[in-house]
Amino acid sequence: MKKNLSKAAASILAAAMVVGTAACGSSTNADTGSGQTAQGSGEDGVTTDNITLTYWHYEDETTINTLAEKFMEKYPNITVETKVISDMSTDLSAAAAAGQFPDVFVGTDSDTALANMYWADITDYYNNDPETANLMATINEYGIGMFDTDVRYAVPAWYQPSAIFIDRNVINKLNLEMPRTDWTWDEMIQLIKDATVDDRTGMKYYGLGYYNRLDSLYGIAACSPEERALKGEFGFDGTDFDLSYWATGEQQFSDLKLGGYVAPQQNTQAMEDWSGDWSTWFGATGHVAVFSEGFWSYQNLWNTEIDGQSYQDYYGLDIVPYVTPNVVDEKEHNVIANMYMGGVSTSCEHPYEAYLLLKFMTFGVDGWNARLDIYEDESITNESGVALKHANMPVPMTLDEGVWTRYRALFPTVTSEDGSVDYWDDYFASITRPVAYGWYSIAGYWNFCDQYFNSIGIHDLVDAGTAKAADYADEATRQANYYHAEAMISYFGPSGYDVLSEEDLAAYQAVVDSFAQ
């Protein structure tokens with residue numbers, strides 16, 4: 001249906017698509033005048049000349065710098081220079097204008113990269129790399145990083161899934177039962193309600209504390225593949241959106257807030273009234289049963305120490321992980337995730353070597369074994385004195401058994417009272433089908449959020465009880481489909497990468513024209 005313009009690896013970027021005045025990182029080689037750089041290469045196809053590659057990212061600076069040193073040990077003729085991105089749009093625009101564009105960069109806003117054609121076609125490199133066949137299933141099944149075309153522009157570069165955590169101490173105090181680890185959505189909602197207890201002699205127990213709103217989680221867990229094969233937020237199936245799924249989750253979550261089942265947020269009057277301290281985080285109170293959190297909350301907080309004592313013992317917690325539940329009772333299901341996207345720039349003079357750097361720093365087995373050497377050595381700390389495994393450590397996207405054996409060992413063994421369940425084993429087994437939040441993986445998604453969804457404050461209206469989510473579902477669906485179709489034409493049509501078929505262009509144009517009527 002879509003044209004595949006992939007060429008042989010040696011000629012993917014022979015006439016590099018220079019964006020504005022973007023330029024690759026420095027090199028000791030002389031330009032041949034053809035858009036390529038004269039270079040020798042070894043048996044593995046990697047240049048033998050001395051070159052410099054630049055890598056821009058969002059991770060912990062010490063982690064990436066240490067990992068870059070490992071890459072340079074493997075390729076002594078390649079110097080890697082790194083930079084932490086402050087603001088993707090601003091930093092990349094400035095780099096393009098100055099002629100100092102990075103060779104490889106990781107982005108949190110894919111619309112910025114695609115609108116400016118910053119990412120190059122890496123299809124052949126990826127497809128001819130045997131390691132890419134052993135990644136988490138949805139990466140290839142859904143084409144995460146291909147943005148619903150036949151061309152790969154990016155790879156998931158940093159993966160942290162959503163997670164539900166339960167404080168077993170609260171469950172025991174309230175004489176409730178721990179749910180099964182392959183629980184359903186309704187079972188989670190019921191536990192939240194059952195665990196909300198207004199103890200008149202002390203602090204109220206809340207069923208839910210949240211970082212991630214439940215409507216985002218519901219949009220992925222909402223239905224079986226037979227009903228609608230969701231591969232993105234807001235009911236996105238790869239072609240269009242259906243926000244009726246979002247509306248159900250949004251209303252459920254807002255009803256929980258209005259019903260008094262959700263703990264106050266940090267730095268609010270409600271938190272001070274409840275806990276006696278304005279700045280308290282609900283995850284440290286010992287009075288919340290279920291947490292809709294980021295994966296990082298465990299390693300960055302609950303698994304750390306305070307004054308020589310474990311964080312959990314210090315605050316009287318017993319935290320165990322649960323997968324975001326399905327609405328339908330299925331063992332295998334998708335889980336929404338933070339997945340930064342990384343790619344090779346269109347101006348890069350050494351795209352193959354840049355791909356190898358991208359792979360090493362993100363999903364490659366060698367790179368992950370190097371990461372694990374770093375994470376296992378707690379004497380290596382960042383500028384804040386934090387061991388690197390506690391500094392936003394991601395989850396491997398490779399399914400390599402050796403990598404996962406080492407990664408699993410970084411987490412404690414936490415079993416059920418009867419020993420039949422290992423909570424971390426069950427959790428990790430449940431997160432092999434990630435679905436990226438929309439701004440990482442769906443063209444036009446952020447434009448929709450910025451110009452419509454967030455601009456009218458839907459969350460605040462529904463949370464306040466002044467509107468029903470269902471009242472917005474039809475118009476929000478129409479808006480989302482418009483912004484997506486408009487972006488697909490702009491990014492991938494004739495004025496962009498030009499990889500869409502006439503059939504696809506006509507279909508997207510019909511959506512845009514219908515919206516204007």
Side-chain angles (χ1 to χ4, degrees), residues 162-179 183-219 221-222 245-294 297 301-302 315-322 324-325 327 336 454 457-473:
S162 63
I164 302 295
F165 294 98
I166 295 179
D167 186 346
R168 289 195 295 188
N169 281 350
V170 172
I171 299 300
N172 289 333
K173 288 174 185 174
L174 299 179
N175 295 316
L176 299 172
E177 292 186 4
M178 289 290 289
W183 58 344
T184 65
W185 187 269
D186 286 345
E187 289 170 341
M188 180 184 70
I189 297 298
Q190 190 59 54
L191 179 60
I192 290 170
K193 292 181 177 179
D194 291 344
T196 300
V197 177
D198 194 356
D199 187 347
R200 300 298 181 184
T201 62
M203 283 178 62
K204 176 180 178 178
Y205 285 94
Y206 282 99
L208 178 66
Y210 78 96
Y211 171 81
N212 288 315
R213 293 177 62 91
L214 295 187
D215 53 285
S216 292
L217 307 186
Y218 188 91
Y245 296 103
W246 156 80
T248 301
E250 175 83 6
Q251 196 62 58
Q252 274 196 334
F253 179 57
S254 297
D255 288 348
L256 287 173
K257 293 182 75 174
L258 292 169
Y261 298 102
V262 180
Q265 293 289 293
Q266 193 173 23
N267 300 322
T268 63
Q269 185 61 51
M271 174 58 76
E272 183 170 326
D273 292 343
W274 174 46
S275 69
D277 187 341
W278 175 278
S279 62
T280 293
W281 174 52
F282 53 72
T285 63
H287 280 68
V288 177
V290 179
F291 303 90
S292 175
E293 273 291 324
S297 298
L301 290 171
W302 287 317
Y315 286 109
L317 312 171
D318 185 8
I319 305 295
V320 296
Y322 272 67
T324 303
V327 173
I336 200 163
N454 293 337
I458 290 178
H459 290 319
D460 292 339
L461 292 171
V462 179
D463 285 356
T466 59
K468 294 291 185 182
D471 295 339
Y472 293 92

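We number each residue from 1, following the sequence as shown.
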If you measure from CZ on F253 to OG1 on T248, what distance do you get to the nearest 0.5 Å? 15.0 Å
State, yes or no, whether a side-chain contact exists between P325 and M188 at a heavy-atom distance under 4.5 Å. yes
Any pair counted as salt bridge (Lys or Arg N to Asp or Glu O under 4.0 Å), so long as it reaches residues 259-271, sequence neighbours left out: none
For residues 271-281, pull every pair meeting salt bridge (Lys or Arg N to Asp or Glu O under 4.0 Å), keeping only residues two or more places apart or in separate chains. none
Could you give the distance from CD1 (I336) to CG (N212), rounded to the nearest 0.5 Å? 8.0 Å
Backbone of G260 reached by a side-chain donor or acceptor of K204 within 3.5 Å: yes
Any donor-acceptor pair under 3.5 Å linking the side chain of H287 with the backbone of T285? yes
Kindly compute the distance separating CZ (R213) from OG (S292), expressed to the nearest 0.5 Å. 10.5 Å
Passes side-chain hydrogen bond (donor to acceptor under 3.5 Å, both in side chains), D186 versus Q190? Steps please. CA-CA 6 Å; D186 286 345; Q190 190 59 54; over 6 Å; no
More than 12 foreign heavy atoms under 6.0 Å from CD of Q269: is that the case here? yes
Minimal non-hydrogen separation, I192 against L208, with atom names: CG2-CB, 3.8 Å
Pairwise side-chain hydrogen bond (donor to acceptor under 3.5 Å, both in side chains) hits with a residue in residues 253-263, at least two apart: Y210-K257, Q251-D255, S254-D463, K257-D463
Output, in order, the C-alpha distance, side-chain angles, deciding distance and verdict of side-chain hydrogen bond (donor to acceptor under 3.5 Å, both in side chains) for S162 and T324. CA-CA 7 Å; S162 63; T324 303; 2.9 Å; yes
Side chain Y211, main chain S297, donor-acceptor under 3.5 Å: no
Over 60° means perpendicular and under 30° means parallel, so tell me whether W281 and F291 are parallel, tilted or perpendicular. tilted
Can you list the residues that meet the side-chain contact (heavy atoms from CB on, under 4.5 Å) rule with Q252, with sequence neighbours excluded? W185, I189, Y218
Listed by chain and number, what are the side-chain contact (heavy atoms from CB on, under 4.5 Å) partners of L461, not counting sequence neighbours? T466, A467, Y472
W278 (side chain) donor-acceptor with A270 (main chain) under 3.5 angstrom: no
Once side-chain hydrogen bond (donor to acceptor under 3.5 Å, both in side chains) is applied, do any residues pair with W274, and if so which ones, sequence neighbours excluded? none
Straight-line distance of D167 CG to Y205 OH, nearest 0.5 Å: 9.5 Å
